[in-house]
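The structure appears below as structure tokens.
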Amino acid sequence: MTSSQPQQINIADLDIQQLADVRRQLEEELNHLTSSFAQLKQAQSKFKSCLENVDEVKPKNAGKSCLSLRVNRWSMCDSLGTTILVPLTNSLYVPGKLSDTEHVIVDIGTGYYVKKTRAEATKYYKAKAEFIHTNLETLSDTIQKKQDNMNYLMNVLQAKLQAQAQGSSKSAS
């Protein structure tokens with residue numbers, strides 16, 4: 001009968017080569033996790049920026065021309081209520097005017113856009129930012145545990161290397 005639980009091995013029982021292999025594996029996992037953490041932080045920042053943009057779309061800006069200093073997924077007006085630049089691509093923007101300040105177009109991912117009220121868009125972006133925040137906390141805990149495992153592994157590896165060096169020096173004398 002096989003068990004679905006992973007087998008636990010005491011790393012103190014492993015030889016130096018096996019410890020080095022486990023160290024490499026832990027380093028790869030840590031690199032992947034920290035990269036994922038950075039990507040999630042970037043996504044969280046984008047959602048927070050979108051929230052700020054939704055707050056900038058106000059009825060007092062309707063029909064006005066405005067120039068946006070912020071670069072985001074969709075157009076916005078600054079608090080001066082003067083101009084707007086609408087992004088067509090990541091690097092191409094065209095001037096525009098707000099005709100409907102009660103609705104915004106929300107990028108929901110993979111090239112799909114949905115028309116939402118400002119309140120719905122705010123709720124959507126807040127939920128996304130909170131979801132990412134929860135995942136960041138979980139990922140941060142996982143990274144910390146992996147780092148603790150790495151520190152313990154390095155201590156065991158150093159102790160084994162010292163013991164091996166002492167054993168070699170005793171045999172040589």
Side-chain angles (χ1 to χ4, degrees), residues 1-56 68-76 85-93 104-114 116 120-173:
M1 223 185 197
T2 60
S3 174
S4 63
Q5 300 221 348
Q7 184 180 5
Q8 299 249 340
I9 298 173
N10 185 356
I11 65 168
D13 296 338
L14 299 177
D15 63 33
I16 293 173
Q17 181 58 43
Q18 290 170 321
L19 288 172
D21 290 342
V22 171
R23 183 179 134 233
R24 275 191 291 280
Q25 181 181 356
L26 272 173
E27 284 174 345
E28 288 174 11
E29 290 174 9
L30 274 168
N31 287 339
H32 175 71
L33 291 172
T34 52
S35 172
S36 296
F37 188 87
Q39 290 172 353
L40 280 175
K41 277 298 239 187
Q42 186 177 21
Q44 183 185 43
S45 174
K46 285 182 181 180
F47 284 124
K48 286 181 177 181
S49 183
C50 287
L51 261 172
E52 291 172 7
N53 290 340
V54 169
D55 288 341
E56 292 293 328
S68 170
L69 298 176
R70 298 181 193 167
V71 178
N72 282 303
R73 294 181 174 200
W74 52 274
S75 58
M76 63 158 281
L85 285 178
V86 180
L88 297 181
T89 67
N90 286 340
S91 60
L92 178 62
Y93 292 78
V104 294
I105 304 297
V106 176
D107 180 359
I108 60 171
T110 62
Y112 290 97
Y113 297 85
V114 176
K116 292 184 176 276
E120 291 170 337
T122 298
K123 182 179 176 183
Y124 174 80
Y125 286 129
K126 280 183 180 178
K128 285 290 193 179
E130 182 57 35
F131 177 72
I132 290 175
H133 176 75
T134 302
N135 286 335
L136 281 169
E137 286 180 343
T138 303
L139 190 54
S140 180
D141 292 343
T142 302
I143 289 171
Q144 185 59 50
K145 288 175 186 173
K146 292 282 183 188
Q147 287 173 334
D148 292 345
N149 289 345
M150 177 65 90
N151 291 337
Y152 179 69
L153 176 80
M154 293 305 291
N155 290 337
V156 171
L157 184 58
Q158 287 176 348
K160 288 206 177 227
L161 287 171
Q162 286 176 351
Q164 184 182 40
Q166 288 175 353
S168 297
S169 64
K170 286 182 182 178
S171 338
S173 34

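Along the sequence shown, the residues carry numbers beginning at 1.
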### Message
Any side-chain to backbone donor/acceptor pair from T142 onto T138? Under 3.5 Å, distance only.
### Response
yes
Atom pair [atom1] ([X]) and [atom2] ([Y]), whose distance is rounded to the nearest 0.5 Å:
X: T122; Y: N53; atom1: OG1; atom2: CG; answer: 10.5 Å
X: D141; Y: K146; atom1: CG; atom2: NZ; answer: 13.5 Å
X: Q18; Y: I9; atom1: CD; atom2: CD1; answer: 8.0 Å

>> Do the side chains of E27 and R23 get close enough for a salt bridge, i.e. N-O under 4.0 angstrom?
In response: yes
Taken in chain and number order and not counting sequence neighbours, the residues that satisfy side-chain hydrogen bond (donor to acceptor under 3.5 Å, both in side chains) with H133 are E137
What donor-acceptor contacts under 3.5 angstrom involve side-chain atoms of residues 150-160, with partners at least two apart or in another chain?
from	atom 1	to	atom 2	distance (Å)
N151	ND2	Q147	O	3.4
N155	ND2	N151	O	3.4
K160	NZ	A12	O	2.8
K160	NZ	L14	O	2.8

Donor-acceptor list for residues 33-45 side chains, cut-off 3.5 Å, not counting sequence neighbours:
from	atom 1	to	atom 2	distance (Å)
T34	OG1	L30	O	2.9
T34	OG1	N31	O	3.1
S36	OG	H32	O	3.1

| message | Over 60° means perpendicular and under 30° means parallel, so tell me whether Y124 and F47 are parallel, tilted or perpendicular. | response | perpendicular
Under 3.5 Å side-chain donor-acceptor pair for Q25 and D21: no
